[in-house]
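What follows is a short report on a single structure.
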Amino acid sequence: MYINFDQYKENSMDLNNAIAKHSEWKTKLRSAITRKETLDASTISKDNCCDLGKWLHGEAKSSFGHLAAHSDCVKKHAEFHVQAGKVASAINEKKYTEAEAMIEAGTPYTKASSAIGVAILHLKKEAGI
């Protein structure tokens with residue numbers, strides 16, 4: 001008889017690390033502007049490609065999908081990736097000054113970045129993880 005022990009893991013996602021990884025995007029975007037790099041804006045725009053997104057749409061959905069904090073976290077995470085994707089697109093279009101302005105305080109990107117951090121903390125609290 002095969003027993004899948006993975007199903008008994010309470011939480012395989014390090015949510016503190018997920019907050020840190022999403023905070024690091026500002027540095028990555030600023031670096032891409034400085035180095036005039038091309039980014040994969042299509043992938044960046046998707047909320048199900050990073051580890052947190054895969055977890056939110058998979059394991060977390062089955063374990064915590066009934067919680068309001070999960071729904072809010074999914075929504076805020078998607079918005080973060082939309083905003084990061086917009087910045088990446090501006091960088092790819094060589095609109096470096098515009099891209100730099102898009103990641104400054106008070107912009108939709110920084111608001112989305114803060115919101116996903118808060119949403120992750122709320123999910124962590126509500127889920128007891």
Side-chain angles (χ1 to χ4, degrees):
M1 181 170 102
Y2 174 75
I3 299 173
N4 180 3
F5 288 103
D6 289 337
Q7 69 186 352
Y8 296 106
K9 289 181 186 176
E10 284 185 33
N11 178 28
S12 64
M13 172 57 57
D14 180 342
L15 294 177
N16 292 327
N17 186 51
I19 292 170
K21 290 283 187 193
H22 284 76
S23 294
E24 289 170 9
W25 269 104
K26 186 172 186 176
T27 303
K28 289 179 186 178
L29 293 167
R30 187 163 275 136
S31 176
I33 292 166
T34 302
R35 296 175 182 188
K36 299 180 175 16
E37 296 172 337
T38 300
L39 300 171
D40 185 351
S42 176
T43 300
I44 293 168
S45 297
K46 295 176 186 168
D47 75 326
N48 62 350
C49 292
C50 67
D51 289 340
L52 177 63
K54 291 174 185 174
W55 181 77
L56 285 170
H57 290 287
E59 181 183 335
K61 184 176 182 178
S62 58
S63 298
F64 311 117
H66 62 285
L67 301 176
H70 176 267
S71 176
D72 185 56
C73 196
V74 170
K75 179 181 167 193
K76 300 283 173 51
H77 185 245
E79 181 58 22
F80 170 80
H81 279 278
V82 166
Q83 294 304 323
K86 287 179 181 180
V87 177
S89 292
I91 294 167
N92 291 347
E93 294 168 14
K94 301 184 183 348
K95 297 178 181 177
Y96 304 115
T97 303
E98 181 181 323
E100 185 69 41
M102 292 171 80
I103 58 175
E104 294 304 320
T107 61
Y109 171 83
T110 57
K111 289 177 184 174
S113 182
S114 294
I116 186 53
V118 171
I120 292 169
L121 291 174
H122 285 158
L123 176 59
K124 190 173 176 180
K125 182 178 179 181
E126 190 174 333
I129 52 177

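This chain uses plain numbering: 1 for the first residue, then up along the sequence.
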Heavy-atom check, side chain of [X] versus side chain of [Y], under 4.5 Å:
| X | Y | value |
| --- | --- | --- |
| Trp55 | Leu15 | yes |
| Lys36 | Lys94 | no |
| Tyr109 | Lys26 | yes |
| Leu29 | Leu39 | yes |

- Trp25 and Ile44: CA distance, side-chain angles, deciding distance, side-chain contact (heavy atoms from CB on, under 4.5 Å) verdict: CA-CA 10 Å; Trp25 269 104; Ile44 293 168; 3.7 Å; yes
To the nearest 0.5 angstrom, please state how far the [atom1] atom of [X] sits from the [atom2] atom of [Y].
| X | Y | atom1 | atom2 | result |
| --- | --- | --- | --- | --- |
| Ser71 | His66 | OG | NE2 | 12.5 Å |
| Thr38 | Glu93 | OG1 | CD | 11.0 Å |
| Leu121 | Asn16 | CG | CG | 7.5 Å |
| Lys124 | Met13 | NZ | CE | 12.5 Å |
| Leu67 | Leu123 | CG | CG | 7.0 Å |

- Looking at residues at least two apart in the chain, or sitting in another chain, which of them share a side chain to side chain donor-acceptor pair (under 3.5 Å) with Glu24? none
Which heavy atom of [X] sits nearest a heavy atom of [Y], and at what distance?
| X | Y | answer |
| --- | --- | --- |
| Ala41 | Asn92 | CB-ND2, 3.8 Å |
| Cys73 | Ala119 | CA-CB, 3.8 Å |
| His22 | His81 | NE2-NE2, 3.4 Å |
| Tyr96 | Ile91 | CE2-O, 3.6 Å |
| Ala90 | Met102 | CB-SD, 3.8 Å |

- Query: Are the side chain of Thr110 and the backbone of Thr107 linked by a donor-acceptor contact shorter than 3.5 Å?
  - Reply: yes
- Message: Classify the ring geometry of Phe80 against His77: parallel below 30°, tilted from 30° to 60°, perpendicular beyond 60°.
- Response: parallel
- Message: If the test is side chain to side chain contact (heavy atoms under 4.5 Å, CB included), which one of Asp47, Leu52, Asn48 qualifies with Cys50?
- Response: Leu52
- Task: Give a yes or no on whether a salt bridge exists between Glu104 and Arg30, defined as a side-chain N under 4.0 angstrom from a carboxylate O.
- Result: yes
